[in-house]
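All of these numbers come straight from a predicted model, not from anything done at the bench. Residue numbering restarts at 1 for every chain, and letters A, B, ... go by the order of the sequence lines.
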Amino acid sequence: MNCIDCNFKSSATKFLSKGEIEELSHNCAHVEFKKGEKIFKESSFSSNIIYLKSGLVKVHILGPKNEQITKITKASAFLGLPTTFNEKVNKYSATALENCKVCFIDLEVFKHFIYKNGVFAYQIITELCKNEIDSFFRCLNRTQKQITGRVADALLFFYHDIYDDKEFILPLTREEFGNYIDTTRESVSRIINDFQKEGIIKIKNKKIKILKEERLINISEKG
DNA sequence: GCATTAACCACAG
DNA sequence: CTGTGGTTAATGC
């Protein structure tokens with residue numbers, strides 16, 4: 001496996017020197033996961049940085065009551081920075097929502113790049129900052145919007161950030177959808193059906209088509 | 001009080 | 001796994 005020819009390089013990896021790419025090649029394992037498989041597991045040992053090359057993933061933590069879906073990430077992205085960088089044990093799990101291609105990068109080698117290559121480090125920091133801002137907004141939305149607004153948010157998220165298409169297959173069960181936006185599967189069902197009755201979306205099982213984006217944005221903003 | 005919101009429970013496809 | 005209906009608790013006019 002040679003990383004030079006990889007078509008899925010992260011914005012950071014593009015700034016590695018020839019020698020560094022070579023070093024990466026020798027310390028990186030490519031693995032494929034099928035939909036539904038766990039990529040890494042909370043409270044298990046890990047000494048790798050995990051990079052998602054293609055596919056879609058849910059990141060989740062087991063809470064006292066149920067599984068909380070922290071975020072949904074599509075490629076390309078680093079999955080296990082905060083969980084591995086200064087920790088021996090994973091603080092959360094990641095599960096494939098679609099078939100995924102993933103690279104496991106040796107932590108020591110990765111750290112070495114950070115020490116030696118400033119531009120590489122800068123790119124990593126940029127990604128981390130973006131993640132933090134995203135999580136701030138998700139926190140805000142979760143706590144200050146009511147469920148209708150959160151469902152609208154999530155639908156717009158899938159449209160804008162994940163599929164870039166008004167019609168898509170929801171990669172989550174109703175239960176997971178609930179865990180993602182902090183509510184119950186029943187509420188998700190009801191609100192999605194209400195949206196359909198009002199002609200805002202069209203839904204058949206997991207297949208969703210957004211008909212009135214304006215209305216969704218409006219609902220999302222109103223909370 | 002009365003209405004709204006949302007969780008919980010139960011039952012049925 | 002989903003959808004629906006009834007019930008209940010909390011919150012807001």
Side-chain angles (χ1 to χ4, degrees), chain A residues 32-44 52 54-75 79 90-102 134-223:
Chain A
E32 301 199 359
F33 291 90
K34 294 233 167 61
K35 180 180 170 157
E37 285 182 327
K38 249 194 187 145
I39 296 171
F40 57 88
K41 192 174 162 354
E42 185 175 345
S43 39
S44 70
L52 180 65
S54 74
L56 189 69
V57 155
K58 69 167 176 176
V59 170
H60 49 113
I61 306 179
L62 186 61
K65 296 194 76 174
N66 40 39
E67 199 82 38
Q68 175 77 43
I69 298 184
T70 305
K71 68 171 180 176
I72 292 172
T73 308
K74 74 166 176 179
L79 290 180
N90 287 321
K91 295 292 182 220
Y92 52 78
S93 306
T95 304
L97 293 175
E98 294 169 355
N99 293 346
C100 287
K101 292 181 178 153
V102 175
D134 283 352
S135 99
F136 285 170
F137 275 99
R138 265 188 51 69
C139 177
L140 184 71
N141 286 344
R142 249 200 335 259
T143 37
Q144 295 198 7
K145 286 182 185 175
Q146 52 187 43
I147 299 179
T148 329
R150 304 207 295 269
V151 172
D153 263 355
L155 293 175
L156 289 169
F157 166 76
F158 284 117
Y159 167 29
H160 292 303
D161 297 350
I162 303 293
Y163 296 107
D164 196 26
D165 191 338
K166 291 198 176 189
E167 195 168 356
F168 54 85
I169 311 281
L170 194 69
L172 306 172
T173 64
R174 298 291 130 109
E175 174 107 48
E176 290 172 316
F177 199 139
N179 292 153
Y180 180 50
I181 60 173
D182 226 6
T183 183
T184 56
R185 63 178 185 83
E186 291 98 324
S187 297
V188 172
S189 277
R190 283 188 182 114
I191 284 159
I192 283 182
N193 284 328
D194 289 349
F195 282 175
Q196 165 146 266
K197 277 178 205 144
E198 290 171 46
I200 300 171
I201 60 171
K202 188 172 190 305
I203 171 152
K204 194 175 185 192
N205 300 325
K206 296 243 165 91
K207 192 167 161 185
I208 293 187
K209 183 171 189 180
I210 295 178
L211 299 174
K212 292 184 187 159
E213 185 186 358
E214 306 309 316
R215 276 292 290 140
L216 274 187
I217 292 173
N218 187 256
I219 292 167
S220 155
E221 281 168 355
K222 265 192 345 209

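Taking only side-chain nitrogens and oxygens, A:K204 never comes nearer than 4.0 Å to OP1 or OP2 of C:dT2. Contact check, A:K206 against C:dT2: a side-chain N or O comes under 4.0 Å of OP1 or OP2. Residue A:S187 places at least one side-chain N or O under 4.0 Å from the OP1 or OP2 atom of B:dA7. Contact between the side-chain N/O atoms of A:T184 and the OP1/OP2 oxygens of B:dA7 is found at a separation under 4.0 Å. Distances shown here put every side-chain N or O of A:N205 at or beyond 4.0 Å from the OP1 or OP2 atom of C:dT2.
With rounding to the nearest 0.5 Å, the separation of NZ in A:K41 from OG1 in A:T95 is 10.0 Å. For the atom pair A:T70 OG1 and A:K58 NZ, the distance stands at 10.5 Å (nearest 0.5 Å). Summarising the geometry, atom CG belonging to A:N205 is positioned 7.5 Å from atom CZ belonging to A:R174; distances are rounded to the nearest 0.5 Å.
Distance A:F177 CZ to B:dA6 P: 14 Å, rounded to the nearest Å. A straight line from CD of A:E175 to C1' of C:dT2 spans 11 Å, rounded to a whole angstrom. Between A:E176 atom CD and C:dC1 atom P the separation is 8 Å, expressed in whole Å. Taking atom CD of residue A:E186 and atom P of nucleotide B:dA10, one finds them 12 Å apart after rounding to whole Å. As rounded to whole Å, 9 Å separates atom P of B:dC8 from atom CG of A:N66. Across the protein-nucleic acid pair, A:I191 atom CD1 and C:dT2 atom P stand 16 Å apart, rounded to whole Å. In this entry the distance linking CG of A:D182 with P of B:dT5 reads 18 Å, nearest Å. Between the CD1 atom of A:I147 and the C1' atom of B:dA6 there is a distance of 5 Å, rounded to whole Å.
Among C:dG3, B:dA6, C:dG6, the nucleotide with an atom closest to any side-chain atom of A:R185 is C:dG3. In the set C:dT2, B:dT5, B:dA7, C:dT2 carries the atom at the smallest distance from any side-chain atom of A:R174. The side chain of A:T173 has C:dC1 as its nearest neighbour among C:dG3, B:dC8, C:dC1.
Ring geometry for A:F158 versus A:F177: interplanar angle over 60°, hence perpendicular rather than tilted (30 to 60°).
For A:D182 and A:R150, the salt-bridge test fails: no basic side-chain N is under 4.0 Å from an acidic carboxylate O.
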